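Labels below follow one simple rule: chain letters A, B, ... track the order of the sequence lines, proteins then strands, and each chain is numbered from 1. This structure is a prediction, so every number in the text was calculated from the model and none was measured.
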Protein chains: 2
Amino acid sequence: MNIAEVAKAAGLPAKTIRYYEDIGLIQPKRSENGYRAFAEADLHKLAFVGRARSLGFSIVECRALLALYEDRARASGDVKALAVTHLAQIRAKIVELRAMEATLADLVHACSGDHRPDCPILRGLSQPGSGDPQ
Amino acid sequence: MNIAEVAKAAGLPAKTIRYYEDIGLIQPKRSENGYRAFAEADLHKLAFVGRARSLGFSIVECRALLALYEDRARASGDVKALAVTHLAQIRAKIVELRAMEATLADLVHACSGDHRPDCPILRGLSQPGSGDPQ
DNA sequence: CTTGACCTTCCCGTCACTGGAACCCCCATA
DNA sequence: TATGGGGGTTCCAGTGACGGGAAGGTCAAG
């Protein structure tokens, strides 16, 4: 398979696939003309990484997941540990975003949004209190 | 004020303040020795930007907010429009993260996490269905 | 033989900083 | 006067995960 076909099948841009080869996530063979020649296994790995990325795993985490994926003697506990850590990061991010959302929604709610210059949003941003209190 | 004092007062790293000058968010004067000499107004602008950043506004958005902040003839509607757009982005991100969270939580829940190699998480990642269905 | 769709590599740009090197300035103390 | 330490300055490179685009090689069809 050439890169366009694999890209379509894996749902990834060709650029991304080249990048993944660049950083060593996959090692497709080459045809005589220099084109990348992808095997079924390459496609599976790319689709796997694509799904892991869509769940928010970083490339480093994907590399680890891929190693576990390919290790028939893996312990599922190792996979779960990775996933649990990532899940915690996602939840922390959600908490952070919800705090932003709450503050911002309050400010937006308080602002009349008309032609007049008085603006509770700008007032909120210019006074301590809406910033991160660490 | 020198940069360290302003950094402490605004709650921003000195590096960040230099960066903000670099991209034109602030224009502090210079002392004869070449040191940045910050006025109160600079400090206020930095604190303002710091709070906007902590609410997730991008630098581009901060620049726009700062311009409105400094424009006494602004319409609060312009500020509100910016904030509403940003709020929508935050909410979209939250929705995205919650979808990730749900999928990942399911997978984690299904995985025994022991020494055995069988792993529903890896199975989930290797089969279509948990990826972004676009 | 040409056209157009592929493929290749390479380099720069993104975003908002962060780290580090190399160097300058100012004050206090021995 | 030397020196030491704690400011400050600039500039360069790296981060993560690609994306855009240039310059050029390859392949199949008409």
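One can place CD of E32(B) at 18 Å from P of dG8(D), the figure rounded to the nearest angstrom. The nearest whole Å value for the distance from the CD1 atom in I59(B) to the P atom in dC15(C) is 10 Å. Atom CG of L25(B) is separated from atom P of dC15(C) by 14 Å (rounded to the nearest Å). Rounding to whole angstrom units, CD of residue E21(A) and P of dC18(D) are separated by 15 Å. In this entry the distance linking CD1 of I23(B) with P of dC15(C) reads 11 Å, nearest Å. In this structure, the NZ atom of K8(B) is 13 Å from the P atom of dG8(D), given to the nearest Å. Rounded to an integer number of Å, the gap from OH of Y35(A) to C1' of dC27(D) is 6 Å. A straight line from CG of N33(B) to C1' of dC27(C) spans 13 Å, rounded to a whole angstrom.
I26(A) and I59(A) fall within a single hydrophobic cluster, where Ile, Leu, Val, Met, Phe, Trp and Tyr side chains are chained together by heavy-atom contacts under 4.5 Å. When the side chains of ILVMFWY residues are joined at heavy-atom separations under 4.5 Å, either directly or via intervening members, L46(B) and I23(B) end up in a single hydrophobic cluster. Both M1(B) and I3(B) belong to a common hydrophobic cluster when Ile, Leu, Val, Met, Phe, Trp and Tyr are linked at side-chain heavy-atom distances under 4.5 angstrom.
Comparing atom distances between the I3(A) side chain and each of dA17(D), dG19(D), dT8(C) picks out dT8(C) as nearest. The side chain of R30(B) lies closest to dT9(D) when the candidates are dC17(C), dT9(D), dT8(C). The side chain of Y20(B) lies closest to dC17(C), out of dC17(C), dA17(D), dG19(D).
Base engagement by R18(A) is indicated by at least one non-hydrogen atom pair under 4.0 Å involving a base atom.
Under 4.0 Å is where a charged nitrogen must lie from a carboxylate oxygen, and between D42(A) and K29(A) no such pair does. For R30(A) and E21(A), the salt-bridge test passes: some basic side-chain N is under 4.0 Å from an acidic carboxylate O. A salt bridge between K80(A) and D114(B) is absent, with no side-chain N of the basic residue lying under 4.0 Å from a carboxylate O of the acidic one. Salt bridge K93(B)/E96(B): present, at least one basic N to carboxylate O contact under 4.0 Å.
With rounding to the nearest 0.5 Å, the separation of CG in L65(A) from NE2 in H86(A) is 9.0 Å.
Each of Y19(A) and F38(B) lies near DNA chain D, and the nucleotide nearest F38(B) is the one positioned closer to the 5' end. If F57(B) and A4(A) are placed on DNA chain C by their nearest nucleotide, the residue sitting closer to the 5' end is A4(A). Both S58(B) and R36(A) lie near DNA chain C, and the one whose nearest nucleotide falls closer to the 5' end is R36(A).
OP1 or OP2 of dG19(D) has at least one side-chain nitrogen or oxygen of T16(A) nearer than 4.0 Å.
Crowding of R123(A) atom CZ: a count of heavy atoms from other residues, nucleotides or ligands under 6.0 Å exceeding 12.
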Please tabulate, one pair per line, each protein N/O and nucleotide N/O from nucleotides 20-22 of chain C that are separated by under 3.5 Å, including the distance.
unit_1, atom_1, unit_2, atom_2, d
dG20(C), O6, K15(B), NZ, 2.3

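T16(B) contributes no side-chain N or O that, together with a main-chain N or O of L12(B), makes up a donor-acceptor pair within less than 3.5 Å.
Taking the screw axis at each terminus of the helix from dC1(C)-dG30(D) to dA30(C)-dT1(D) from five consecutive base pairs, the angle between the two is 40° to within rounding of 10 degrees.
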